[in-house]
Amino acid sequence: MTHIVVIGGGPYGGSVANRLQKTGVKVTLISRSETALLLPAMIRLPFHKDVSRVSVKIRDVLNPDVELIIDQVVNVDESQVDLGVHDPVSFDRLVIATGAVWDDPIAPHKYQQNGIQEYTKEIADLGEKANDIVLVGGGALGVELAGEYAYHFPEKSIILIHSEKKLLDASAIDKVRDSVASQLRGLKVKLILGKKAEIKGQSVFVDGEEVPCDYLIKTTGPKANPPVSSIKGLVNDKNEIIINSKFQAECNPKIYAIGDVTNYPKRGLVSRENWISIITHNLKEDIKGTSSYRTVDWPKQGAKSRSTFAVSVGPEGGAGQYILPFGCAFSLPKFAVVKAKSSTLFYSQLNSMFT
Ligand SMILES: Cc1cc2nc3c(=O)[nH]c(=O)nc-3n(C[C@H](O)[C@H](O)[C@H](O)COP(=O)(O)OP(=O)(O)OC[C@H]3O[C@@H](n4cnc5c(N)ncnc54)[C@H](O)[C@@H]3O)c2cc1C
């Protein structure tokens, strides 16, 4: 029987494993942790401290017939995955869905060491003890975290520094960029825009002047997190797995990759259903030996590659945009963003992320 191995039990790896298992192949999912995190919900963890609102046991959301191995991957080559404790696992096809590395306070790789409860306490303490919180990077993550800290700690100084003149980036329409700025100002966040922060240890400088800071949060963006591998040409200079529009690794068509670990220019979960259906379809074709593959559109970088998204600004605020099929963008009303995202950060949909 064909054996497909999936590495990474997040919303991409978990779903792909479940869907492939239904097609009658043997599926093994390798995860470094027994728990999967819903990343969008992590920004509120330092405040409610309830891990059940951000995480799920992977075994509970996997089809019973998917084999689950909890272990560290020590190497991946063209035919097998070497593990820290378990025997090597050989594969006919491999799917890599190991996501990205993010900084505190949403750094999932860190809770590996002492467990998620301990990590929660650590990041909650940092915020509670601080008086001057500085966030460097005003993309979606910086905006969302600044909104949370300002909402939950209205008495503290919160400063958000962003190198562009407007928050977010050019893929967001101006109305959305202006709205998040005005909502953050309404929560008393001080915005320093159009300036690059210089970070020296835990100190932050703008134009040579030190910014008061006793808790620095870097929100300059995630970095792809591929497993250790001896396969030549698997990753680019940003450590992203180089895939083609069929979700196959450019260097080896037996290896597939999906989600934040790849060089695909779009990130996130908005198009998850489409991407997962394409990769599972292609794997089925590949295994059958037929070749009516499906492909994903490869967007251009910059303003023209706009997509639908929403950012929270605390539990009661937020902004977002919707892109119509012919590319026209309009801003979403605040109440709709609050209802769809900011109030719960999707945690009620946690289990459905794995179907
Ligand atoms: C604060 C925040 C808000 C967000 N908001 C949105 C939003 O509103 N809309 C949206 O579409 N997207 C949003 N995103 C992005 C979205 O969460 C990610 O794009 C998505 O989680 C990526 O899924 P993934 O499966 O690729 O990676 P992950 O969710 O990171 O899962 C990867 C899994 O692989 C495991 N793993 C890693 N390395 C190894 C290894 N070597 N061996 C075995 N297992 C490994 C990890 O433990 C993890 O379980 C947000 C992200 C953040 C941080």
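Both counts, for ligands and for their atoms, begin at 1 and track the order of listing.
- Under a 4.0 Å criterion applied to the non-hydrogen atoms of Gly99, ligand 1 contributes the atoms 26 (O), 27 (O), 30 (O), 32 (C).
- Between the side chains of His3 and Ser90, no donor N or O sits under 3.5 Å from an acceptor N or O.
- Listed by number with element, the atoms of ligand 1 under 4.0 Å from a non-hydrogen atom of Lys341 are 5 (N), 6 (C), 7 (C), 8 (O).
- At a 4.0 Å cut-off, at least one heavy atom of Phe346 sits close enough to ligand 1 to count as contact.
- Of all atoms in ligand 1, numbered sequentially from 1 with element shown, those under 4.0 Å from a heavy atom of Ala97 are 32 (C), 33 (C), 34 (O).
- Residue contacts with ligand 1 include Pro11, since one of its heavy atoms falls under 4.0 Å from the ligand.
- Between Phe247 and Trp275, the ring-plane angle classifies as tilted under the 30° and 60° cut-offs.
- Counting heavy atoms under 4.0 Å from ligand 1, residue Phe309 does not touch it at all.
- Contacts of Pro40 with ligand 1, taken as heavy-atom pairs under 4.0 Å, involve both backbone and side chain.
- By the 6.0 Å and 45° rule, Lys156 does not stack over the aromatic ring of Tyr149.
- For Leu39, heavy-atom contacts with ligand 1 shorter than 4.0 Å involve the backbone as well as the side chain.
- Across Ile69, Asn225, Thr219, Asp71, heavy-atom proximity to atom 38 (N) of ligand 1 is greatest for Asn225.
- For the pair Arg93/Tyr256, a side-chain contact is recorded, criterion being any heavy-atom separation below 4.5 Å from C-beta on.
- Side-chain contact between Arg19 and Asn63 is absent, with no heavy atoms from C-beta onward closer than 4.5 Å.
- Using a 4.0 Å cut-off between charged nitrogen and carboxylate oxygen, Lys341 and Glu144 count as a salt-bridge pair.
- Below 30°, between 30° and 60°, or above 60°: for Trp298 and Tyr264 the angle between ring planes is above 60°, a perpendicular geometry.
- Of the listed options Ile70, Val6, Thr98, Ile96, Thr98 places a heavy atom closest to atom 39 (C) of ligand 1.
- A 4.5 Å side-chain heavy-atom check between His162 and Leu191 finds every atom pair outside the cut-off.
- Residue contact annotation: Val261 has no non-hydrogen atom under 4.0 Å from ligand 1.
- With a heavy-atom cut-off of 4.0 Å, Asp260 touches ligand 1 through backbone and side chain alike.
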